[in-house]
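A, B, ... follow the sequence lines: proteins, then strands. Residue 1 opens every chain.
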Amino acid sequence: MGTGARTAIEVRGLRKSYGEVEAVRGIDLSVAEGEVFALLGPNGAGKTTTVEILEGHRPRTAGEVSVLGFDPVRGGSAYRERIGIVLQSCGIDSELTVREVLDLYRAFYPHPRRTDEVIELVGLGEKREARTKTLSGGQRRRLDLALGIVGDPDLVFLDEPTTGFDPSARRRSWELVSNLRSLGKTILLTTHYMDEAQHLADRVAVIAGGEIVAEGTPETLGGRDTAAAIVRFRLPEAALEADLPAAVRGGIVPDGGLLTVRTEDPTALLHALTGWAVGRGHALEALTVERPTLEDVYLRLTGHRSEEGGDD
Amino acid sequence: MTEARRTPLTVLLVRQVRYQVRTFRRNPVAAFFTFFFPLIFLVLFDALQGNHHVTFAGQTVAFSQFFTPAIAVFALVTSCYTNLVMTTSMARDEGILKRVRGTPLPAWVYMAGRVGATVWVGLMSVAIMFVIGVAAYGVRLYPHTLPAAIVTLLVGAGTFAALGLAVTGLVPNSEAAPAVANFTILPLTFVSGVFFPVGSGPTWLQDFGKVFPLEHFVNAFGYAFTPGVAGAGFQGKDLLVMAVWGVAGMVVASRFFTWEPRAVGGRRARGAARGRRHGRAGTAAARSED
């Protein structure tokens, strides 16, 4: 986070217990104004609990929480005028039309966006006069998004905004989030999709077992940028493993068909490998160099915990 | 930030009532139970008993003169209590209440909007009963007791709405709501003098009925339509009992009412409720599970 940027969300030592069970066990978070921050974590990790505490839906057991300068529990209407909440599981009055629902909700806010503008923004122009009960799942999610931004909030909570979307609908939603970002909005996003976090988030935190286990930019999370690289290629038919240069042989890890080599220094390894191949007249088929993907890092950080069950 | 143009709360409240009434109007099933159910009772019982006289408040009155106010009370209670319990617990299961809770709209404005809409619909229903009663069955209205009738109606509406919110706070989900709402109100109608004056039943049953607010509501409202009532026709004791129940309802509601869907039961009910309405239970439920 750059110095001088004001803080939108500041969390210190947040804890939440349900009876004996401690769902959140000491979380620290700091999100700057205008930042897109993604919370990743398996079900049951404490992700939803954390976000709902920030939204003011739930009291906390211990810790300091300040969102836009408010304590969410005591912020009341003054706080809620400045946030927009897009939850997964919130219903919409099913007998009202898209326009009616937005007209109804926009009046709660002191400086709302225009209904027609928001309808166009989320691409529901053709469904303007349709009852909300006739909308498809994806259209309902877009109306959720519209209701979250109709109050022109400074901070938007997006809870898995594209779950269940087809790829093109997802791209459209991503554009919308990018638009919000360029307007200077702060966005707290939870998601299951690593490509979504990679595409949208300035910073990412991974929650597991009620704690933050890693935090960073999507590029550096969990030491992704400095982690060992994986070089893969097919061993030429005319060559044996024993023929390979020592630098290459030393890093081989057993992995089925292709030869897989782990290295801290891919530049030197490739130099040795390709020099050897060119010198002997071999072609290296299927040659690739990979850093661990965000998903690799995520799976390593969260281990087996995704089996633990429901969060909300 | 541009200059704030906050909509006055009274305007928001009126708008909430209007949108809730609109939602009600667009749902034919709700309209059927609220308007036609009491109407069918009115027509049916008048057809069966129309020539009889009954003893009410120590007077012999024509059946329809007794029955029209009584069934009007039933119609009001159907809207302010039964419907309020069912629609509010449904809205809670679907997460509509939770969504509203995340907006700047004050909670009391939203709840007052829901209550106001059920009272409005209930009063419409009462009006329909009297239009039919006066036009078809010769029911007589007495101007000097009309203020008492209106006050009684409003106290009763408030009482049963408060009880409705209390029961909504206590029922686990919208699947249980219709059963609980009907089970608490329908047996009471028989011991509270809705279908026949309580004077004709055994004493213990009369005493049992008098514990609850419905008997007092029927009695106080019916009294304002009894021929030969001297004075304004206010039944202070009945109104007091109703008010006590109303306050008790508010206390229970403020203690137990929640805005979030209830744990596991609520989630299941939410999927089921969406399925009933949209025929898409599978996708909706699956989405909320992950």
Side-chain angles (χ1 to χ4, degrees), chain A residues 18 43 52 55-58 72 75-97 100-101 103-112 131-138 140-141 144 147-148 150-154 157 160 163-164 192 309-312, chain B residues 1-9 11-12 15-16 18-20 22-28 30 87 90-107 109-110 113 259-261 263-264 266-267 270-271 273-274 277-280 282-290:
Chain A
Y18 297 102
N43 293 330
E52 292 200 337
E55 290 163 349
H57 276 312
R58 243 169 248 296
S77 294
Y79 173 56
R80 296 194 170 106
E81 280 175 358
R82 296 188 52 200
I83 63 169
I85 300 177
V86 183
L87 286 177
Q88 269 202 88
S89 55
C90 275
I92 303 172
D93 313 70
S94 59
E95 300 292 342
L96 299 180
T97 67
E100 286 171 336
V101 169
D103 279 342
L104 183 66
Y105 279 73
R106 77 186 285 278
F108 305 163
Y109 298 89
H111 40 80
R131 304 257 176 109
T132 66
K133 64 179 176 183
T134 65
L135 298 182
S136 71
R140 276 180 59 94
R141 300 292 292 138
D144 279 334
L147 287 166
V150 73
D152 199 19
D154 299 324
F157 293 96
E160 298 180 16
T163 299
H192 283 294
D311 190 16
D312 39 14
Chain B
M1 206 55 40
T2 51
E3 197 188 332
R5 312 177 291 272
R6 283 185 185 79
T7 312
L9 292 181
V11 174
L12 288 180
R15 210 172 286 178
Q16 282 295 324
R18 232 180 42 219
Y19 273 82
Q20 293 291 347
R22 192 177 295 175
T23 294
F24 171 83
R25 269 210 327 262
R26 290 177 184 174
N27 184 347
T87 56
M90 180 86 88
R92 180 180 60 199
D93 280 0
E94 290 182 349
I96 293 175
L97 299 190
K98 184 173 183 178
R99 181 192 295 281
V100 170
R101 202 76 166 108
T103 73
L105 183 71
V109 174
Y110 183 76
W259 293 70
E260 303 224 356
V264 177
R267 173 179 292 187
R270 190 162 70 235
R274 281 191 195 161
R277 288 182 171 197
H278 313 145
R280 274 200 306 273
T283 53
R287 242 196 347 270
S288 64
E289 296 295 339
D290 57 20

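- Heavy atoms of Leu104(A) lying under 4.5 Å from chain B belong to its backbone as well as its side chain.
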Check the pair Tyr19(B) / Asp103(A) against side chain to side chain contact (heavy atoms under 4.5 Å, CB included), numbers first and verdict last. CA-CA 11 Å; Tyr19(B) 273 82; Asp103(A) 279 342; 3.9 Å; yes
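- In terms of heavy-atom pairs under 4.5 Å with chain A, the best-connected choice from Val11(B), Thr103(B), Val109(B) is Thr103(B).
- Interatomic distance, CD of Glu94(B) versus SG of Cys90(A), reported as 11.0 Å (0.5 Å rounding).
- If you tally non-hydrogen atom pairs under 4.5 Å between each of Arg25(B), Arg18(B), Arg101(B) and chain A, the highest count goes to Arg101(B).
- With values rounded to the nearest 0.5 angstrom, Ile92(A) atom CD1 is found 4.5 Å from Arg99(B) atom CZ.
- Proximity to chain B (any heavy atom under 4.5 Å) is shown, for Glu55(A), by neither the backbone nor the side chain.
- Scanning all heavy atoms of the two residues, the minimum distance from Arg80(A) to Gly102(B) falls at CD-C, 3.6 Å.
- Proximity to chain A involves both the backbone and the side chain of Leu105(B), based on heavy atoms less than 4.5 angstrom apart.
- Arg26(B) pairs by the side-chain contact (heavy atoms from CB on, under 4.5 Å) definition with Glu95(A), Leu96(A), Thr97(A), Glu100(A), Arg131(A), Arg22(B), not counting sequence neighbours.
- Tyr105(A) is linked by a ring-ring contact (aromatic ring centres under 6.0 Å, His included) to Phe108(A), counting only residues two or more places apart in sequence or in another chain.
- Atoms CG and OG, on Leu9(B) and Ser77(A) in that order, are 8.0 Å from each other to the nearest 0.5 Å.
- The candidate from Asp144(A), Val101(A), Ile85(A) with the greatest count of non-hydrogen atom pairs under 4.5 Å with chain B is Asp144(A).
- Looking at every heavy atom in both residues, Arg15(B) comes nearest to Ala107(A) through NH1-CB, 3.1 Å.
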